[in-house]
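Have a look at the structure below before the remarks.
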Amino acid sequence: MTGLRIAEIFGPTIQGEGALIGEPTVFIRAGGCDYRCSWCDSPHAVDSVHRGDWAVMTPDQIWARVRELTGGRPLTVSISGGNPAIQDFGQVIARGWTEGYRFACETQGSVARKWFADLDMLVLSPKPPSSGETVDWTAFDACLAAAGTGPQMVMKIVIFDDLDYDWAKAAAARYPALPLYLQPGNPETDPDTPVDLQACIDRLHWLVEKVTGDGWFAPRVLPQLHVLIWGNKRGV
Ligand SMILES: C[S@@+](CC[C@H](N)C(=O)[O-])C[C@H]1O[C@@H](n2cnc3c(N)ncnc32)[C@H](O)[C@@H]1O
Ligand SMILES: Nc1nc2[nH]cc(C(=O)O)c2c(=O)[nH]1
Ligand code: SF4
Ligand SMILES: [Mg+2]
């Protein structure tokens, strides 16, 4: 097969978001995305202007790098992007499985893939109105169907404002069986500018009060732990 477009492979670090927060992991960040979220924190893996910085790697080369970073000790590998679902990660997952590694994938749920069924964790992150994108729920449902009973599945929604919050409630109502994680949106995404930690806490505070004040007890509200630790630094 030809190679996969890879923006970066880094770690071990900790998963900073959602259901696996705090868990040691290595990230494979795929290059290329079918969305253009206004507030995307990873534009270096999205915009084709950065394409020249992406590596084209075979599954063997990707796997060799993951083994090098982990010293061959199995952990959960997080496949993110960009949207990793526009490429075929089946062979990478198959390599890792034989060595006892586990796989989580982060995707917006716009493209379904057979290899979703081989994951341990599928994180679906449908985009609220502030992103400027519109969710195709038929495509989202196809992602759930492709994953089947293979991985654990969760929904993680980024919230910037009241409109996003109301949208998240409606999205959650569509999928009552999916565990739900909410994280405040981070408007500061420049890797070279230090984040305002108090502002991060204030946004978290706002979201916690929305949820508890509403008597909405289904979601878990979490910060982006990596942002609290490292700001918007890349490769962590
Ligand atoms: C960069 S995306 C890559 C994976 C996939 N394209 C997606 O959006 O799910 C990884 C996660 O970061 C979240 N994210 C992106 N920009 C963010 C921001 N400015 N603040 C908070 N979360 C953000 C996305 O919603 C997604 O859950
Ligand atoms: N530590 C850490 N945790 C993360 N969780 C999701 C991330 C992503 O950009 O997909 C991410 C990331 O880039 N770093
Ligand atoms: S879908 Fe994910 S990677 Fe693509 S633009 Fe939106 S946040 Fe960024
Ligand atoms: Mg990120």
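Note that the structure is predicted; figures quoted are calculated from it, not measured. Order of listing sets the numbers, starting from 1, for every ligand and every atom in it.
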Per-atom contacts, ligand 1 versus [X] - under 4.0 Å to a heavy atom:
X: K156; answer: 27 (O)
X: C40; answer: 16 (N)
X: G82; answer: 3 (C), 4 (C), 5 (C), 6 (N)
X: T189; answer: 19 (N)
X: T107; answer: 5 (C), 7 (C), 9 (O)

Identity and distance of the protein heavy atom lying nearest [atom]:
atom: atom 2 (Fe) of ligand 3; answer: K127 CE, 4.2 Å
atom: atom 20 (N) of ligand 1; answer: N186 N, 2.9 Å
atom: atom 26 (C) of ligand 1; answer: S125 OG, 3.8 Å
atom: atom 8 (Fe) of ligand 3; answer: C40 SG, 2.3 Å
atom: atom 3 (N) of ligand 2; answer: G16 N, 2.9 Å
atom: atom 7 (C) of ligand 1; answer: K127 NZ, 3.4 Å
atom: atom 11 (C) of ligand 1; answer: E17 OE1, 3.7 Å
atom: atom 1 (N) of ligand 2; answer: I14 O, 2.8 Å

Backbone or side chain, does any N or O of F27 fall under 3.5 Å from an N or O of ligand 2?
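No, there is no polar N/O contact under 3.5 Å.
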
Sub-3.5 Å N/O-N/O distance, Q15 and ligand 2
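There is such a contact, yes.
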
Over 12 non-hydrogen atoms of neighbours within 6.0 angstrom of CZ in R36
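Check passes, neighbour count above 12.
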
Whether over 12 other heavy atoms sit under 6.0 Å from E99 CD
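Counting neighbours around CD of E99, more than 12 heavy atoms of other residues, nucleotides or ligands fall under 6.0 Å, so yes.
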
Atoms in ligand 2 with a heavy atom of [X] nearer than 4.0 Å:
X: R29; result: 8 (C), 9 (O), 10 (O), 12 (C), 13 (O)
X: V236; result: 1 (N), 2 (C), 12 (C), 13 (O), 14 (N)
X: S80; result: 8 (C), 10 (O)

Have a look at V227, D41, I79, I86 and point out the one with the heavy atom closest to atom 16 (N) of ligand 1.
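Heavy atom nearest to atom 16 (N) of ligand 1 belongs to D41.
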
Option with minimal heavy-atom separation from atom 6 (Fe) of ligand 3, where the choices are P43, G82, P84, C37:
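Comparing heavy atoms across P43, G82, P84, C37, the nearest one to atom 6 (Fe) of ligand 3 lies in C37.
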
Hey, is V46 one of the residues with a heavy atom under 4.0 angstrom from ligand 3?
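V46 counts as a contact of ligand 3 under the 4.0 Å cut-off.
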
Under a 4.0 angstrom heavy-atom cut-off, which atoms of ligand 3 come close to Q108?
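So the answer, numbered in order with elements, is 1 (S).
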
Do the rings of W137 and Y175 sit parallel, tilted or perpendicular, given the 30° and 60° boundaries?
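It falls in the tilted class, 30° to 60°.
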
Heavy atom under 4.0 Å from ligand 2: found in T25's side chain, backbone, both, or neither?
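Answer for T25: neither.
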
Just wondering, is there an N, O or S atom on C33 that's nearer than 2.8 Å to atom 6 (Fe) of ligand 3?
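False for C33.
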
Under a 4.0 Å N-O cut-off, is there an ion pair linking K114 with D88?
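So K114 does not pair with D88 through a salt bridge.
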
Centre of Y181's six-membered ring, under 6.0 Å away, within 45 degrees of the axis: is that where NZ or CZ of K156 sits?
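Checked: cation-pi criterion not met.
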
